[in-house]
Asker: 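Okay, here's the structure, questions in a sec.
First the proteins, then the strands, lettered A, B, ... as listed; each starts at 1. From a predicted model like this one, the values you see are computed outputs, not experimental measurements.
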There are 4 protein chains.
Amino acid sequence: MRADARRNRELLLRAAQDAFAEEGIGVPLDEVARRAGVGPGTLYRHFPTKEALFEAVVHERLRELAARAREAADAADPGAAFFGFVAHMVREAAPKQDLVDALGGAGAELQTALAATAGELREEVGRLLARAQRSGAVRPDLGAGDLMALLSGLLHALRGRSRDPAAPADQEVMTAVLCDGLAARPGR
Amino acid sequence: MRADARRNRELLLRAAQDAFAEEGIGVPLDEVARRAGVGPGTLYRHFPTKEALFEAVVHERLRELAARAREAADAADPGAAFFGFVAHMVREAAPKQDLVDALGGAGAELQTALAATAGELREEVGRLLARAQRSGAVRPDLGAGDLMALLSGLLHALRGRSRDPAAPADQEVMTAVLCDGLAARPGR
Amino acid sequence: MRADARRNRELLLRAAQDAFAEEGIGVPLDEVARRAGVGPGTLYRHFPTKEALFEAVVHERLRELAARAREAADAADPGAAFFGFVAHMVREAAPKQDLVDALGGAGAELQTALAATAGELREEVGRLLARAQRSGAVRPDLGAGDLMALLSGLLHALRGRSRDPAAPADQEVMTAVLCDGLAARPGR
Amino acid sequence: MRADARRNRELLLRAAQDAFAEEGIGVPLDEVARRAGVGPGTLYRHFPTKEALFEAVVHERLRELAARAREAADAADPGAAFFGFVAHMVREAAPKQDLVDALGGAGAELQTALAATAGELREEVGRLLARAQRSGAVRPDLGAGDLMALLSGLLHALRGRSRDPAAPADQEVMTAVLCDGLAARPGR
DNA sequence: GATGAATGAGCATTCATTCAT
DNA sequence: AATGAATGAATGCTCATTCAT
């Protein structure tokens, strides 16, 4: 691949990251191309469909999250590792509309293409989860799929609220609610 | 109103309920009309804009939920009333993509028209919440806006999962996580 | 024809007169029906197409103008009769958008259907004109068609101006310009 | 700008000129595109709204007329310059339905966007007019707005007549009537 | 390879006309 | 005969995708 081609690919990915983060999957591709400073044709040379671009962006983000989960897998305190990762993931993903869209499953086609990467993240998170459950920090009746769904839901909730001035919502409190709900309850 | 008009209005509302429930606000009006077995002009006669139709559908659903919340307001046990309503709301609203869209605030314009009804629901829910908080059943650091957002998020999560066969998620467990997170924690 | 049918026909014509006068041929028929207090179906019972209704309205107006021209045909002073009629016609027709549309020939189909009545008016006006020309009051190089066109143009001009606050125009002056232009010029 | 783009822009403008000239602002954009041999999207690329296209066409025509008026402003004989311009304008604009629409003020929105250019023309014409009035060639009781309205009306009249074979009208005579009406009358 | 112009299917909405009630 | 609901073709505009330059 020529140097300028590689550079354009980078520019496009960066622009797409920003655009998708701000507006979700709804952004016109022309705007992505404009942000990247290239023509839409160039975009299509690198990414044959809009979904391919979207997937590329989300793929990268999912892998970053998966990597982070992997790092946390060896931490001394399984419970702290798990809840630390949850907090990290919420913090990182909340402002990325595309992740919210992707994790929430907007459009069934996305799922198939992203399934592998999403599965990878789910596996890593599942490992963290299982370890935390074995250590007694997290409720035992929870599958990795449930957890991913709950995270996706929280992200969605945070997205919606950031636009609605009439109903103020507190990211800290909402995350705390989720974490408390995930925690094992001593009395039970 | 003439019999055929009422019938078609019913058909349209029903078709719109189904279509919006399945696909959210994104469904083409022509498809709603097609599902109802009428022409697009007929749809227009009954609902002058797409938003009017969407609002009619969501309005009804929001009012049902608000009514249910009002009923619960006088129950003997404030905590049980609150958690019972949360479970009811999740059960009812989960398969309705439109409610998820509306509660999640997809598109600022919707909000203005539905704000009144959504606000009504929030108020009723807020009353249940406050009472449950005073009774010590629900954590005190939670606003009505937070709660609505969390519910909206959970609904979104459930919607997304219902389409994703690869990542099974359990509505019961997820609702339990939310409810446990909402509950006051004795030890704190 | 039943009494109520005749009455509805009257109501419709009256409503159409008003609506067409105010908005020209562009008014939706539903609005005409609404103004008349009847259903659109009733409108169609009496007038099989929109154009038929339009023609009925314009027909009546043209006949009134023709009658007025006929009255003026015997006046003592041919010049005064002619210019008096011109002023009358401008005064009457200026606020009737439909007449402006019809005389201006908006839509070729109209012309065919209204041709007979418009021709009748043209004939009467032509008689006034010829008499005034013979008396030396009006320039001789003017045909009845020219005159009708000029009148239609003046009406159009007055219509446009009444909407444009940036370019004030004076109906009196404009009519005077036309009349002076029509008058025979002594020096020639 | 690329060669093909410029070519298509030219084709579109030309097609729009013809279509607007023949049918006024009422032509469907799809027909303009069809005439130009391009898709509707291409039209949109060059002219983002229908009004933008209309304005582009009319703008050009108005500017040509304004330029012509400016040229005439320094002529030796103010009266001849004025009447010459009137004749020129009638000749040029008569077959252009769009100019008639624009000058006649069809639709208030047009006015805002074209107001500047139309105002420019009115100013230039007003200059010619004032000079001719000072020289005693043109009646003093006439504003620039009146003149523009009269011109617009004459154009409208000529348009209408060109479609009506039953009522022959003579452009020369009609223009002469207007000009004579505009001229100062010695005897008054 | 890059560019950006062209494409055309698709959408919400309007309104003259028809037809069941 | 009246009613007003239903029809559906048409319009301006958008945007993912293709293709000439």
Asker: Rounded to the Å, how far apart are A:E31 CD and F:dA16 P?
Answerer: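 A:E31 atom CD is separated from F:dA16 atom P by 11 Å.
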Asker: For DNA chain F, produce a single dot-bracket line, 5' to 3'. Pairs: Watson-Crick or G-U wobble, both distances under 3.5 Å. Symbols: ( ) within strand, [ ] crossing, | other strand, . unpaired.
Answerer: .||||||||||||||||||||
Asker: Looking at every non-hydrogen atom in both residues, tell me the closest pair between B:V100 and B:A93 and how far apart they are.
Answerer: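 Heavy-atom minimum between the residues: CG2-O, 4.4 Å.
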Asker: Could you state the CZ-C1' distance from D:R34 to E:dT7, rounded to the nearest angstrom?
Answerer: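 It works out to 17 Å between those atoms.
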Asker: Have A:D101 and A:Q97 got a donor and an acceptor in their side chains that come within less than 3.5 Å?
Answerer: no
Asker: So, is A:T42 near the phosphate of E:dT3, with a side-chain N or O under 4.0 Å from OP1 or OP2?
Answerer: yes
Asker: Could you give the distance from CG (C:D30) to CG (C:L43), rounded to the nearest 0.5 Å?
Answerer: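 Separation between the atoms: 9.0 Å.
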Asker: Rounding to an integer number of Å, can you tell me how far D:R9 CZ sits from F:dT21 C1'?
Answerer: 19 Å
Asker: Looking at F:dT17, F:dC13, E:dA2, which one has an atom nearest to any side-chain atom of A:T49?
Answerer: F:dT17
Asker: Side-chain N or O of C:R45 versus OP1/OP2 of F:dA2: is the shortest distance under 4.0 Å?
Answerer: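 Answer is yes, contact under 4.0 Å.
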Asker: Using heavy-atom distances to pick each residue's nearest nucleotide on DNA chain E, tell me which of C:K50 and D:G39 is more 5'.
Answerer: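 Final value for this comparison: D:G39.
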Asker: Counting the atoms with a prime plus P, OP1 and OP2 as sugar-phosphate, which does C:P28 contact under 4.0 Å by heavy atoms, base, sugar-phosphate, or nothing?
Answerer: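 Sugar-phosphate, backbone atoms only, no base.
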Asker: Looking at C:N8, does any N or O in its side chain come under 4.0 Å of the phosphate oxygens OP1/OP2 on F:dA2?
Answerer: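 So the side chain of C:N8 is within the cut-off, an N or O lying under 4.0 Å from OP1 or OP2 of F:dA2.
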Asker: If I take atom CG from residue B:L103 and atom NE2 from residue B:H156, how far apart are they, to the nearest 0.5 angstrom?
Answerer: 12.5 Å
Asker: For C:F47 and E:dA16, give me the distance from atom CZ to atom P, rounded to whole Å.
Answerer: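 Rounded to whole Å, this separation is 16 Å.
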Asker: Out of curiosity, B:E64 CD to B:H59 NE2, how far, rounded to the nearest 0.5 Å?
Answerer: 10.5 Å
Asker: Which part of the nucleic acid, if any, lies within reach of C:V32 when heavy atoms closer than 4.0 Å are counted: base, sugar-phosphate only, or nothing?
Answerer: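 Nothing: the residue C:V32, judged by heavy atoms under 4.0 Å, touches no strand.
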Asker: Checking contacts here: which listed nucleotide (F:dA5, E:dT13, F:dA16) is nearest the side-chain heavy atoms of B:D4?
Answerer: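 Nearest nucleotide to the side chain: F:dA5.
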Asker: So if I take every side-chain heavy atom of A:H46 and compare against E:dA2, E:dT13, F:dT17, which nucleotide ends up nearest?
Answerer: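 Nearest listed nucleotide: E:dA2.
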Asker: What's the spacing between D:H46 NE2 and D:L13 CG if we round to 0.5 Å?
Answerer: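 Result: 9.5 Å between the selected atoms.
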Asker: Distance-only, no hydrogens or angles: does the A:R9 side chain make a donor-acceptor pair with backbone N or O of A:F47 under 3.5 Å?
Answerer: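 Not confirmed, A:R9 side chain does not pair with A:F47 backbone.
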Asker: Side chain of A:D30, heavy atoms from C-beta onward: which of E:dA12, F:dT17, E:dT21 has the nearest atom to it?
Answerer: F:dT17
Asker: Please state whether the phosphate of F:dC13, meaning OP1 or OP2, lies under 4.0 angstrom from any side-chain nitrogen or oxygen of D:Y44.
Answerer: no
Asker: Specify the residue among B:G26 and D:A5 whose closest nucleotide of DNA chain E lies further upstream toward the 5′ end.
Answerer: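 That would be D:A5.
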